[in-house]
Amino acid sequence: MVTGGSPGTAASAHAITVELNGQVLPVEHPPLLKSGATLIPLRNLLESLNIDVQWEPAKGTVTLHRWNRTVRLGIGQNSASLQDRGQTLRHIQLSAPAQLVGNVTYVPLRFLSESFGAEVAWNGQEQKIRVRTKSPVDSKAWEYRIAASVTKRTSEEFGGLAEVKQKIVKQFEAVNQKFRVEAFEGTPRFTIHPEDIYLVEGDGRQEALTKDHPKHEFMVIYDAFPDGGGGWYGGEVQSIYHAWPTGDFGSLFDSAATDGLVHEFAHAIGNALDLYALNVEAERNPISGKGYKPERSIMAYPYGETVWDDHTTAAINKAGGYPVLEDDRFTAEQFPDRMEIAALDRDGRPLSEAKVRLYPVAWYSGEVQKTPIRSGQTNGEGVWQLETNPFEPFYNDSPWAIRYANFLVEAELADGSKGYEWMPINQVQLHRYRFPNEPYRLEVRI
């Protein structure tokens with residue numbers, strides 16, 4: 001989003017420059033200022049961001065496409081539509097409509113930049129607009145270029161930078177091998193070259209959080225002496241802090257560390273879920289006393305594992321081999337439009353007037369909460385249709401912008417007999433991936 005204020009109408013449009021990933025854009029026609037919004041000639045921005053364009057003069061519309069995203073603008077219209085492949089169509093209000101000035105089409109810089117995964121900032125002192133993409137504008141499907149840094153102490157521990165470079169290149173060969181499975185619609189390829197590996201003097205975590213890498217999809221920071229844990233940093237950062245102290249799980253370049261890196265790259269290319277975050281310990285389930293563990297998967301426990309679960313492969317395939325533009329929205333939208341709970345007897349016959357309760361499991365908590373957050377009753381067909389999504393997507397400051405990871409579902413009859421089933425997020429979303437137009441139904445037998 002725009003930071004540091006916005007250009008005002010008093011600024012001289014001819015003085016404004018636009019910089020993309022550190023490079024000043026060649027602008028044949030100067031930007032315009034309209035009611036505080038900056039408009040830029042469409043052609044300059046499209047060419048710089050590698051956006052395909054289709055202009056329909058008879059309708060006065062422009063259709064823009066990059067990766068899996070399509071944006072449609074109408075000349076003089078105050079809103080635009082945005083849609084990712086397989087996602088919900090969204091209508092977005094514009095700060096200013098697209099317009100023709102002479103024979104030149106002008107579009108709002110902020111909207112188009114942010115619509116295609118960029119951050120826009122205005123520097124009033126320099127009269128400069130800086131546009132920064134979190135991934136290179138020339139990204140190709142299923143190809144991910146990697147830059148890497150190595151902390152000085154790590155380099156010394158493993159024989160110097162030249163030796164470490166060889167180890168990193170070899171490790172990425174092993175990473176690529178783990179992604180060579182038929183379940184993916186393409187073959188993910190992570191490429192790294194010795195010249196893209198450098199030494200960092202400072203703190204590895206800080207490097208992971210602040211280092212720009214406009215020519216590479218992802219950054220990996222190697223640190224064998226971290227102060228705390230590592231992991232994937234998404235958003236504008238797009239980096240992995242590969243923090244791995246030597247110990248019970250080997251050292252930074254051993255197989256366990258490589259498996260951990262594979263797990264983090266699944267987050268990077270598909271915003272994949274941590275399936276172990278859905279776990280429930282039996283002794284921390286006060287309702288039924290049963291535990292829960294997800295299916296075997298690299299996203300549940302990666303060490304020595306070769307299996308990818310169906311939800312993760314579906315999420316990575318949905319991303320289509322490109323970086324995910326809006327991490328939280330991408331995952332939070334993957335729910336069926338309707339969700340139902342069906343109560344059945346042991347022979348599969350529907351049970352009406354069964355009371356249904358949903359007990360939530362928060363991410364990484366390992367426990368079932370004592371109080372249900374949703375409750376209802378089955379109808380004559382033995383079905384209770386939920387009015388709202390109990391997982392609560394688009395919940396601020398929560399993993400994947402989703403409040404709950406799992407539910408213990410209880411169905412109770414008038415005589416007090418009960419039945420239980422788990423409703424984990426990955427299974428609900430997998431239904432959406434496979435059957436996008438059908439409601440999700442969980443059956444609970446009593």
Side-chain angles (χ1 to χ4, degrees), residues 142 144 146 148 167-192 218 220-224 226 229-234 239-282 291-319 321 324 327 331 334 361 363-366 399-400 405-406 422 424-430 433-434:
W142 303 104
Y144 309 99
I146 310 299
K167 291 180 180 294
I168 291 175
V169 171
K170 185 176 180 180
Q171 186 172 54
F172 268 88
E173 293 173 359
V175 168
N176 282 325
Q177 189 61 40
K178 282 291 184 82
F179 281 92
R180 292 192 182 110
V181 294
E182 292 183 0
F184 297 124
E185 293 177 355
T187 304
R189 293 179 297 280
F190 302 91
T191 59
I192 189 164
F218 306 119
V220 179
I221 293 82
Y222 282 80
D223 192 347
W232 163 247
Y233 297 109
S239 67
I240 295 172
Y241 181 37
H242 193 34
W244 202 276
T246 300
D248 294 339
F249 275 73
S251 65
L252 190 61
F253 300 102
D254 288 343
S255 61
T258 302
D259 290 345
L261 200 54
V262 170
H263 176 100
E264 301 304 335
F265 273 121
H267 290 316
I269 68 173
N271 207 33
L273 303 175
D274 280 330
L275 294 188
Y276 63 87
L278 284 57
N279 286 354
V280 174
E281 300 172 21
Y292 174 82
K293 282 191 176 182
E295 64 267 41
R296 184 184 154 199
S297 170
I298 287 170
M299 300 313 294
Y301 188 81
Y303 309 115
E305 186 58 83
T306 59
V307 173
W308 292 101
D309 65 280
D310 291 340
H311 179 274
T312 297
T313 55
I316 290 174
N317 287 337
K318 172 76 75 174
V324 177
D327 310 52
T331 302
Q334 302 308 320
V361 178
W363 295 96
Y364 306 99
S365 67
W400 290 275
N406 197 352
W422 295 100
I425 184 174
N426 62 320
Q427 294 304 313
V428 177
Q429 291 195 330
L430 182 59
Y433 283 125
R434 289 176 170 172

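Along the sequence shown, residues carry numbers from 1.
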Does [X] reach the side chain of [Y], with side-chain heavy atoms less than 4.5 Å apart?
X: I192; Y: V220; value: no
X: Y222; Y: L261; value: yes
X: T187; Y: R180; value: yes
X: Y301; Y: R296; value: no
X: I298; Y: T312; value: no
X: D274; Y: W363; value: no
X: R434; Y: D310; value: yes

* Verdict with supporting geometry, F265 and F172, ring pair (Phe, Tyr, Trp, His ring centres under 6.0 Å) -> CA-CA 11 Å; F265 273 121; F172 268 88; 5.8 Å; yes
Mind listing the closest non-hydrogen atom pair of [X] and [Y] along with its distance?
X: W232; Y: S239; answer: CE3-O, 3.2 Å
X: M299; Y: A266; answer: SD-CB, 3.5 Å
X: P226; Y: A243; answer: CB-CB, 3.5 Å
X: I269; Y: I316; answer: CD1-CG2, 3.9 Å
X: D327; Y: G234; answer: OD2-CA, 4.1 Å
X: A174; Y: T258; answer: CB-CG2, 3.8 Å

Spacing of [X] atom [atom1] and [Y] atom [atom2] [to the nearest 0.5 Å]:
X: Y276; Y: K293; atom1: OH; atom2: NZ; answer: 14.5 Å
X: E185; Y: T313; atom1: CD; atom2: OG1; answer: 9.5 Å
X: I240; Y: Y233; atom1: CD1; atom2: OH; answer: 11.5 Å
X: D254; Y: Y303; atom1: CG; atom2: OH; answer: 12.5 Å
X: L278; Y: L273; atom1: CG; atom2: CG; answer: 7.0 Å
X: T306; Y: Q177; atom1: OG1; atom2: CD; answer: 11.0 Å

Could you tell me whether the side chain of [X] and the main chain of [Y] form a donor-acceptor pair under 3.5 Å?
X: D309; Y: H311; answer: yes
X: W400; Y: N271; answer: yes
X: N176; Y: E173; answer: no
X: K178; Y: E305; answer: yes
X: N406; Y: V361; answer: no
X: Q171; Y: L252; answer: yes
X: Q429; Y: A315; answer: no
X: N317; Y: A183; answer: yes

* Asked: Does the ring center of W142 lie less than 6.0 Å from the ring center of F179?
  -> no
* Asked: Tell me, which pairs form a side chain to side chain donor-acceptor pair (under 3.5 Å) where one or both residues lie in residues 240-249, sequence neighbours left out?
  -> D223-Y241
